[in-house]
Amino acid sequence: KTQMNIILEDYWTRFKPEAEELEAEMRDTYNRDDIHVSIIQHSNGDHARGKVTIQTREDLRNGVYKNMKNFLTAKGFEITGGANFYDYDDDSESFPTIKFEFAI
């Protein structure tokens, strides 16, 4: 049981310093404190997946969203998805996101 916990913890926390660094850099670059970054190692171990969430209750301006994607691409990340829209219903909120990955 302990071995499994160690494996899962590494899977979720291995890239925490990199996620925090990228989050701080994006917050500084875009002068926003509503940017959140998470990065986890993919289960097969050869790449990692990340997500940038902008917790704003509106769509971003298209130019800003595109610029954020270009910022991530320039850092060597491959953009794999995401959507520039805000949505709310009784059960949940969806914020603008950018999904990316990179080889380890």
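Side-chain atoms are counted along with the backbone in the values below, which use heavy atoms only and exclude waters and symmetry mates.
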*Asks:* Parallel, tilted or perpendicular, judged at 30° and 60°: which one describes the rings of Y30 and F71?
*Replies:* perpendicular
*Asks:* Do T56 and R32 touch side chain to side chain, with heavy atoms closer than 4.5 Å?
*Replies:* yes
*Asks:* Which value, rounded to the nearest 0.5 Å, describes the distance between H47 atom NE2 and T80 atom OG1?
*Replies:* 8.5 Å
*Asks:* Apply side-chain contact (heavy atoms from CB on, under 4.5 Å) to K75 and E25, showing your working.
*Replies:* CA-CA 11 Å; K75 294 217 160 276; E25 190 175 352; 2.9 Å; yes
*Asks:* Might you point out which heavy atoms bring A48 and I39 nearest each other, and give the distance in Å?
*Replies:* CB-CG2, 4.0 Å
*Asks:* Could you state the interatomic distance from OG (S38) to NZ (K16), rounded to the nearest 0.5 Å?
*Replies:* 11.5 Å
*Asks:* What's the spacing between L60 CG and N67 CG if we round to 0.5 Å?
*Replies:* 11.0 Å
*Asks:* Would you mind reporting whether F85 and S94 have side-chain heavy atoms less than 4.5 Å apart?
*Replies:* yes
*Asks:* Look at the side-chain heavy atoms of Ile, Leu, Val, Met, Phe, Trp and Tyr, link any pair under 4.5 Å apart, and say whether I104 and I79 land in one connected group.
*Replies:* yes
*Asks:* Does a side chain donor of either Y65 or D59 reach within less than 3.5 Å of an acceptor in the other side chain?
*Replies:* no
*Asks:* Would you mind reporting whether N62 and V64 have side-chain heavy atoms less than 4.5 Å apart?
*Replies:* no
*Asks:* What class does the angle between the rings of F102 and F15 fall in, given that below 30° is parallel, 30 to 60° is tilted and above 60° is perpendicular?
*Replies:* perpendicular
*Asks:* Between F77 and L22, is any pair of side-chain heavy atoms under 4.5 Å apart?
*Replies:* yes
*Asks:* Would you mind reporting whether M26 and V52 have side-chain heavy atoms less than 4.5 Å apart?
*Replies:* yes
*Asks:* Dump the intermediate steps for side-chain contact (heavy atoms from CB on, under 4.5 Å) on M68 and I54, then the final yes or no.
*Replies:* CA-CA 11 Å; M68 286 182 178; I54 305 93; 4.0 Å; yes
*Asks:* Just one of K51, R49, E78 clears the side-chain contact (heavy atoms from CB on, under 4.5 Å) bar with K99, so which one?
*Replies:* K51
*Asks:* Look up atom CZ in R57 and atom CG in D34, then write down how far apart they are to the nearest 0.5 Å.
*Replies:* 11.0 Å
*Asks:* Decide yes or no for H36 and Q55: does some side-chain heavy atom of the first lie under 4.5 Å from some side-chain heavy atom of the second?
*Replies:* yes
*Asks:* With heavy-atom distances below 4.5 Å as the criterion, would you say the side chains of F100 and T73 are in contact?
*Replies:* no
*Asks:* Is it true that, when you exclude E18 itself, more than 12 heavy atoms of the residues, nucleotides or ligands shown sit nearer than 6.0 Å to its CD?
*Replies:* yes
*Asks:* Test your reading of the model: is there a side-chain donor-acceptor pair from R27 to the backbone of I35, 3.5 Å cut-off?
*Replies:* yes
*Asks:* Kindly determine whether I98 and N84 satisfy side-chain contact (heavy atoms from CB on, under 4.5 Å), including the steps that lead there.
*Replies:* CA-CA 8 Å; I98 303 169; N84 181 20; over 6 Å; no
